[in-house]
Protein chains: 2
Amino acid sequence: MKKFKCVTDPGVAGLAESLKIISDPNRLRIICLLSKGERCVCEVERELDISQQLTSHHLNVLKDSGFLEMRKEGTSSFYSVNRDRLKWLDDVFMEYLDYRKVAGSEKARGKNQERHIL
Amino acid sequence: MKKFKCVTDPGVAGLAESLKIISDPNRLRIICLLSKGERCVCEVERELDISQQLTSHHLNVLKDSGFLEMRKEGTSSFYSVNRDRLKWLDDVFMEYLDYRKVAGSEKARGKNQERHIL
DNA sequence: ATACTCCATAAATACTTGTTTATATAATCC
DNA sequence: GGATTATATAAACAAGTATTTATGGAGTAT
């Protein structure tokens, strides 16, 4: 049986993993906060009103998955969002949504008619 | 301390929950497949090459969270994507991304400068 | 009625993950 | 040096979740 590419493409795992990383309230709040500019750990901690260890842990997870960048200055660690990484997720996610739109509407964009997801 | 709305807004939980629902390879594949048109359970099962029970379970989760719709015909259940629900997630998610862009670039869209997420 | 197909649900299992507790390191200040 | 601040990490715990196993029910055909 011939299957659709979007159903067999191993890249789906990567998309799922990325979505899983950000599908947490605290992590979404962190990204949202840092989108306003660089912050150190204790600032994030105070803004979100969660423990220092929990803050540090989430920041680390987001950094390891490429969503955040970090720089040290004295005893502080400053975190900021990696917009390229967000854009990648945005793009891939949007390809899913666009694909859906294409399949659903008759006025689909022609150049995307033959494209596959991921 | 005055906190940013995006950091305190309880709506973040809903966004996180929605993202968590779709942050699974099989569920992404289901949405992707159904975006090509309505399918019954056994068709999804065969396309994804997973067990009938697992297929049924994921379809049910996606239906309960509003991402899919279902109709019965004889002994078959046909599932299809709920584009309104996807659009809602798209919109909210995009507000996050757009907000980030606003905060990061000088050529931000003026009308969004004062807006908050969610 | 019997057998078969399609689908749903419940229980059990295995695995992941968010959070807390405890502790360690490194820089700064007195 | 000693105390304090800022951060990281490891272990333990609790809660959730994807998957499998087992089973039942409902429609269809012979």
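We name chains A, B, ... by the order of the sequence lines, and we start the count at 1 in each one. All of these numbers come straight from a predicted model, not from anything done at the bench.
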ask   = Which atom names give the shortest non-hydrogen contact between B/Ile21 and B/Ser65, and what distance separates them?
value = CG2-OG, 3.5 Å
inquiry  = How would you summarise protein contacts on nucleotides 23-30 of chain D per nucleotide, using B for base, S for sugar-phosphate only and - for none, with heavy-atom distances below 4.0 Å?
reply    = B---SS--
ask   = Do you know the tightest heavy-atom contact between B/Phe78 and B/Ser76?
value = CE1-CB, 3.8 Å
task = Determine the contact category for B/Tyr79: base if any of its heavy atoms lies under 4.0 Å from a base atom, sugar-phosphate if only primed atoms, P, OP1 or OP2 are that close, otherwise nothing.
result = sugar-phosphate
ask   = B/Lys20 has an atom NZ; how far is it from atom P of D/dA15, in whole Å?
value = 15 Å
Only distances under 3.5 Å count here; give the side-chain donor-acceptor pairs of residues 54-64 of chain A to other protein atoms, sequence neighbours excluded, each with its distance to 0.1 Å.
| residue | atom | partner | partner atom | Å |
| --- | --- | --- | --- | --- |
| A/Thr55 | OG1 | A/Ser51 | O | 2.7 |
| A/His58 | ND1 | A/Arg27 | NH1 | 2.9 |

note = Intra- and inter-strand pairing of DNA chain D, written as dot-bracket with Watson-Crick and G-U pairs under 3.5 Å and | for the latter, reads ||||||||||||||||||||||||||||||
request  = Report the distance from atom CZ of A/Arg46 to atom P of D/dA6, rounded to the nearest whole Å.
outcome  = 6 Å
message = Heavy-atom count check: over 12 atoms from other residues, nucleotides or ligands less than 6.0 Å from A/Glu38 CD?
response = yes
ask   = Is it true that B/Ile22 and B/Ile50 fall in one hydrophobic cluster, defined by side-chain heavy atoms closer than 4.5 Å?
value = yes
key: CD1-CG distance between A/Ile31 and A/Leu68, expressed to the nearest 0.5 angstrom   = 6.5 Å
Contact list for DNA chain D against residues 54-69 of chain B - heavy-atom distance below 4.0 Å = B/Leu54, B/His57, B/His58
message = Quick check for you: to the nearest 0.5 Å, what is the distance between A/Leu33 atom CG and A/Asn26 atom CG?
response = 11.5 Å
key: Over all atoms of both residues, closest heavy-atom pair of B/Tyr79 and B/Leu34   = O-CD2, 3.7 Å
inquiry  = Counting C-beta onward and ignoring hydrogens, is there a side-chain heavy-atom pair between A/Val81 and A/Phe67 closer than 4.5 Å?
reply    = no
query = Between the side chains of A/Arg85 and A/Ser18, does any donor sit under 3.5 Å from an acceptor?
reply = yes
query = Quick one: how far along DNA chain C does chain B reach, first to last nucleotide 5' to 3', anything under 4.0 Å to a heavy atom?
reply = C/dC6 to C/dT9
inquiry  = I'd like to check the side-chain contact (heavy atoms from CB on, under 4.5 Å) partners of A/Thr75; sequence neighbours left out, ordered by chain and number.
reply    = none
query = Is there a side-chain contact between B/Trp88 and B/Val92, using heavy atoms and a 4.5 Å cut-off?
reply = yes
query = For the residue pair A/Lys20 and A/Ser23, what are the closest heavy atoms and their distance?
reply = O-OG, 3.0 Å
